[in-house]
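Notes follow once the structure below has been shown.
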Amino acid sequence: MYGVSKCAFVPTNLERNFDNIEEAKNLERRSKIPLKFGEVILWNESDCDHDKRIILHIKREKPIYEASSSRNGLILKVGGVIQPTSTTSFWTPLCTVTMPETEATRAEPDVWLYAWIRFETTMKSGLDPFNMTATFESFDSCDPSDQARVCEAPWNAGSPDSKFGVWRPDPKPADSDDEIDIEPREGWHLPEDKWAEVIKMQLGLYVGERLLICKELSQFDFIIPLQKPFSRGTDKTLIYPAVGEYFHFSAIWSMQHNGFLIYELQPVPLLRQHVTSVNGNLLTRVVPASIRGLFVDKEGTLGLIDDPHHLLSFFEFHPAGYEFLKAMAEVRAVRTSENKSVRYRIVRTSGMSIFENWLRDTQFVVGPVKGIRINEDTVICAKHPNVYFKIPNNLKEGIPIGGGVQFVGKRQAGVDSEIMITECSPCPAFTCKNYSVSGDTRLFQVYLKPNCDHEQLAESDSMGFVDFRELETPCRGKFLAWVRESITVNDCRRAATIMEVCSTAICPPLIAMSANSSRATSARTTPAGSSIGSRSSIQSRASAATSVSSNRFVGPSSRRTPSGTPQSSTSSRV
């Protein structure tokens, strides 16, 4: 830092012969005005005295930053970006400052935000007379029109988006603009493309951590880039959004987040807010959905709900049936990187004494039904897709892994999510097309049919619905795909169904050994860790499920293993 000499305010090239003497006087008067905080000046190399560390001549420029003051001192309004790998570091073109944790949780990384920064100069020694320190004061605003400037950040300099930051790609571009208009072939399904660069005044549910989920556009994340309080009621009280509250919002597409950034948010007081539990989860009554193995809330406001811990796997067998039995459940939202259309997961159930008592004391018989053997001791079937059927050792002979099975099962009192097979016989019609082993993963090639209403799911005659996760569903009738048992993360499967698709290629994919892989063992275990586990132990472990509240919605999903070490889900992806 250099100081500015007094002579810098004297105009050096002032013309002596002006046609208008008043113009000359005004020019000289403006030149002698002292500099104010936040003003921008321009000078050349020849205008500096490097020995005295001063600037001798300056030229005033148009101000770039808005200046103001606070009780702590003078502040500038500067644009910058929060670093994704260090969420308390705020990078600006001037400098990088450290934010308090309370401020960092309000904002989204990799978004161009405006903040108030306090600049101070101090004298440390005679050799270094000027020293500048920058201190973060508070966030101010987020302008959606400035988001292309995110590419100015050093960590985005090598990104291809940095060279074309103004272009926002369609996440599902058309294959060709020269398609011939013909009648669609039989069984061919073309999904509706609901993507647009700007979304205006849609209805969304706030689920925490600056995320809104829109039921009509469940395949996208809608992120609040900077959480700010807003006025509510006649007294204009400033409050923050609450979990379970509905909002009308407008949003713009973000390349860095592969989702939408909200720039307009309005509460909807006419819609009743969802009740939340003490854990911050949505508390709702769930009923079985039309898609077997999944659920919906009784009011039909959330969409499909997954039961990854198999807490309600025997719900369909209760004598009350689908129409009369309801379950009170705590559900958490997940990001689109985890599920595209099934955005909620059951983590706990409560207030189900009738169902609990029935499970504790009741035995029942299932079958005959048809399914497929997926490992040494487990069979699954399309009719009951969220139930594990255990095959005893004396019945395994003659039924290879990947082979079709017709069986009868009996549920023992007190056993959750598993039914013991008592009779079975081969069923060649349900045998997989091909079977392969890659690393520690068993792969089954089966025929699938896409689901027109939910692009994340496809249906198999032998396995029921399977999860496509981040893969695109082919827009055709029946097609071959390689499926595997879903990987387990934090004692919970990552997919919305027991089986997930890993490839639609003809040849089996190569999958490396993974510590997170769901390895088939000699005994199929429940989420509680034992083949005959109590429901209380299952629910105590269910609270560790990955949810909205455990991440910041940036980049690959980050989870914590039971030992407490961060672990990226990308390492377990196919």
Start with the C-alpha gap between Arg442 and Glu376, add the side-chain angles, then the distance that decides, and say whether salt bridge (charged side-chain N to carboxylate O under 4.0 Å, His left out) holds.
-> CA-CA 11 Å; Arg442 293 181 172 87; Glu376 281 86 353; 2.6 Å; yes
Go through the structure and list residues passing salt bridge (Lys or Arg N to Asp or Glu O under 4.0 Å) with Glu330, not counting sequence neighbours.
-> Arg348
Under 3.5 Å donor-acceptor, Arg292 side chain and Lys383 backbone | yes
Quick note, ring pair (Phe, Tyr, Trp, His ring centres under 6.0 Å) partners involving residues 361-387, not counting sequence neighbours, are Phe314-Phe364, Phe317-Phe364, Phe317-His384, Trp358-Phe364
Looking only at heavy atoms, the pair that brings Glu500 and Arg494 closest together is OE2-NH2, 2.6 Å
When you measure from the side chain of Arg285 to the backbone N and O of Lys298, does any donor-acceptor pair fall under 3.5 Å?
-> no
Residue list, salt bridge (Lys or Arg N to Asp or Glu O under 4.0 Å) with Asp306, at least two apart or on another chain = Arg345, Arg493
Which is it for His310 and Tyr388 under the ring-ring contact (aromatic ring centres under 6.0 Å, His included) test, yes or no, and what are the steps along the way?
-> CA-CA 9 Å; His310 305 268; Tyr388 291 118; 4.9 Å; yes
Quick one: side-chain contact (heavy atoms from CB on, under 4.5 Å) partners of Val268, sequence neighbours excluded?
-> Leu203, Tyr246, His248, Leu271
Where the side chain of Lys340 meets the backbone of Arg469, is there a donor-acceptor pair that is under 3.5 Å apart?
-> yes
With sequence neighbours left out, what residues match Val111 under side-chain contact (heavy atoms from CB on, under 4.5 Å)?
-> Glu108, Leu113, Cys142, Gln147, Pro225, His257, Leu261
ring-ring contact (aromatic ring centres under 6.0 Å, His included) with Tyr206: which residues, sequence neighbours excluded?
-> none
